[in-house]
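Working notes, structure below.
We use all heavy atoms of the structure for the numbers below, so side chains are in, but hydrogens, waters and symmetry mates are not. So that the names make sense, note that chain A is the first sequence line, chain B the second, and so on, each numbered from 1. On a predicted model such as this, the values are computed, not experimentally measured, just so you know.
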Number of protein chains: 2
Amino acid sequence: MSKKKYRQSKQRTKILEILRKTDLHPTASWIYDRLKKEFPQLSIGTVYRNLTILIDQGMIQKIENGSTFDRFDAHTNPHYHFICDVCGGIKDIDININEQIDRIITEKLPMTIKRHKIDFYGICPECERKKK
Amino acid sequence: MSKKKYRQSKQRTKILEILRKTDLHPTASWIYDRLKKEFPQLSIGTVYRNLTILIDQGMIQKIENGSTFDRFDAHTNPHYHFICDVCGGIKDIDININEQIDRIITEKLPMTIKRHKIDFYGICPECERKKK
DNA sequence: GTTCATGCAAATCGTTTGCACAATG
DNA sequence: CATTGTGCAAACGATTTGCATGAAC
C-alpha cells in the first residue's frame, strides 16, 4: 500500500467496478473475458498490471487459494474463506476475526504473530444439493 | 489417497527420506538439487512425478504458501503453519487443532465444514534478531 | 514379458515484461 | 510535453507431458 501516484485509466476503473460487483473472487482471466466485451483490444497484461496497482492502492487483495492461479477480492477487511472441495468456489465467511488467537500464539511461541488466515474446506450447499 | 499400486523406485524412496529429515518444507527444486548428487542423471520431471505419487499415497502433503512455487511436507498429521514475512520460511505451529471450530462454523452457516487450515504470519526469531 | 518409472526435451499455463504508441494530467 | 498506461508479443518460471529406454515384478 504505497503512496505512489497513479493516473486514472478507464480499464482500471472498470476492473475495480467488476470486482466490487461480484462475490466470486474472480481470476485475472475471468475479469479479462468480462472486460473484453467493452474493450475489444484489451490485453491480459493490462489486467494483471492493473490488479497489481489496485493491490498497491489497498483497493483489493490477492487470495492464495491453493490453485495454480490467483484470485482477487475487493473485500479487503479481514475475513475468512470457505473453499468448496467439489467446485472450488470460494465464499466469504462472516464470523468475527478472533484477534486473541494471534496474541495467544505469540505468548506460547518464539515468533511474533501479526495476522492469520483461516480457510475452511468442505462442500458448499449447491454441490451438496447436486449430490442427491 | 488412492489404492493404486506403485512399484518401488530408488528415487522415490530417497525423496521421502529427504522430506522426512527436514523441517524446511522444501520446494521441488531444493529436493532436486539434493538428490542430483546421488543420481546425477536425475530429472526435475521425475521429482515432480514422485511428489505427486507420494501425495496420492498420503505420505506427504503439498503446502500452499502464497508463493509462485509449491512446498512439500512429510508431516501429514493436521497442524498449522507460520510463514515469515521477511524470509518466507515456513515453520510448523505446535498447538492443538481445535476441531470445535469446524463444528461451530457448520452450525452457524449453510455449509458443511470438514477441515480448516490456519496460517499465521509475522516475523520469525531469526529475522527479528537480524533487524537490530 | 508386461507394465511402470526414468531421463530428456518440448509443451503448457499463469504471469510478467520490453517495446512503440496512445492517453493522462 | 513529460510521464504513465496500453496492446502486442515475447519471455519467464514452475510444473506437466510425450516419447523411447530402463527397471520392477
Side-chain angles (χ1 to χ4, degrees), chain A residues 2-19 24-57 59-73 83 88 90, chain B residues 2-19 24-57 59-73 83 88 90:
Chain A
S2 83
K3 271 147 198 154
K4 198 153 172 283
K5 269 214 302 275
Y6 294 105
R7 288 183 183 166
Q8 189 175 307
S9 112
K10 287 172 185 133
Q11 289 87 338
R12 183 155 63 249
T13 307
K14 196 72 194 187
I15 287 172
L16 181 56
E17 198 178 299
I18 287 181
L19 269 170
L24 287 176
H25 309 82
T27 61
S29 81
W30 186 91
I31 297 168
Y32 172 73
D33 290 341
R34 279 284 175 119
L35 222 48
K36 189 88 185 182
K37 289 160 197 158
E38 187 164 343
F39 302 90
Q41 305 281 70
L42 184 69
S43 97
I44 188 75
T46 298
V47 175
Y48 278 106
R49 267 186 287 236
N50 279 315
L51 287 169
T52 305
I53 292 173
L54 289 168
I55 291 170
D56 185 55
Q57 293 176 328
M59 310 296 277
I60 66 168
Q61 65 180 128
K62 193 190 279 192
I63 312 176
E64 322 295 348
N65 67 118
S67 293
T68 53
F69 39 84
D70 294 331
R71 289 175 171 275
F72 300 87
D73 191 352
I83 297 146
I90 300 182
Chain B
S2 83
K3 272 149 197 152
K4 198 151 171 284
K5 269 214 301 275
Y6 294 105
R7 289 185 182 166
Q8 189 176 310
S9 112
K10 287 171 185 134
Q11 290 87 338
R12 184 154 66 248
T13 306
K14 195 73 195 188
I15 288 172
L16 181 56
E17 199 178 297
I18 287 181
L19 269 170
L24 288 175
H25 310 82
T27 61
S29 79
W30 186 92
I31 297 168
Y32 172 72
D33 290 342
R34 279 285 176 119
L35 222 48
K36 190 87 185 184
K37 290 159 195 159
E38 187 164 343
F39 302 90
Q41 305 281 68
L42 184 69
S43 97
I44 188 74
T46 299
V47 175
Y48 278 107
R49 269 186 285 235
N50 279 315
L51 287 168
T52 306
I53 292 173
L54 289 168
I55 292 169
D56 185 53
Q57 294 176 328
M59 310 295 278
I60 66 168
Q61 64 180 131
K62 193 190 279 193
I63 312 175
E64 323 295 348
N65 67 118
S67 293
T68 53
F69 39 82
D70 294 332
R71 290 176 172 274
F72 300 87
D73 191 351
I83 297 147
I90 300 182

Quick one: [X] [atom1] to [N] [atom2], roughly how many Å, whole number?
| X | N | atom1 | atom2 | answer |
| --- | --- | --- | --- | --- |
| B/D70 | C/dC13 | CG | P | 17 Å |
| B/D33 | D/dA14 | CG | P | 11 Å |
| B/I31 | D/dA14 | CD1 | P | 14 Å |
| B/Y6 | C/dT6 | OH | C1' | 16 Å |
| A/N50 | C/dA23 | CG | P | 16 Å |
| A/I15 | D/dT6 | CD1 | P | 8 Å |
| B/D56 | C/dC4 | CG | P | 14 Å |
| B/R7 | C/dC4 | CZ | P | 6 Å |

- request: Using a cut-off of 6.0 Å, state whether more than 12 heavy atoms not belonging to A/K10 lie near its atom NZ.
  value: no
Please check the phosphate of [N] (OP1 and OP2 only) for any side-chain N or O of [X] closer than 4.0 Å.
| X | N | answer |
| --- | --- | --- |
| B/Q11 | C/dG7 | yes |
| A/K10 | C/dT24 | yes |
| A/S9 | D/dT6 | yes |

field: DNA chain D: 5'-proximal contact among B/S29 and A/Q8 (nearest heavy atom)
entry: A/Q8
- prompt: Which pair of heavy atoms, one from A/L19 and one from A/F72, lies closest together, and at what distance?
  reply: CD2-O, 3.6 Å
- prompt: Tell me, do B/R34 and B/I31 make a side-chain contact under 4.5 Å, heavy atoms counted?
  reply: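 Side-chain contact under 4.5 Å: no.
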- request: For residues A/W30 and A/I18, determine if any side-chain heavy atom of one lies less than 4.5 Å from a side-chain heavy atom of the other.
  value: yes
message: For a quick check, with a 4.0 angstrom heavy-atom cut-off, what is the B/S/- contact string for nucleotides 8-13 of chain D, read 5' to 3'?
response: B-----
query: From B/L51 CG over to B/T46 OG1, what is the distance, rounded to the nearest 0.5 angstrom?
result: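 Answer rounded to 0.5 Å: 10.5 Å.
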query: Rounded to the nearest 0.5 Å, how far apart are CD1 of B/I53 and CE of B/M59?
result: 12.0 Å
Partner residues of A/D73 under the side chain to side chain contact (heavy atoms under 4.5 Å, CB included) criterion, sequence neighbours left out: A/H25, A/Q61, A/I63, A/H75, A/H79, A/H81, A/D92
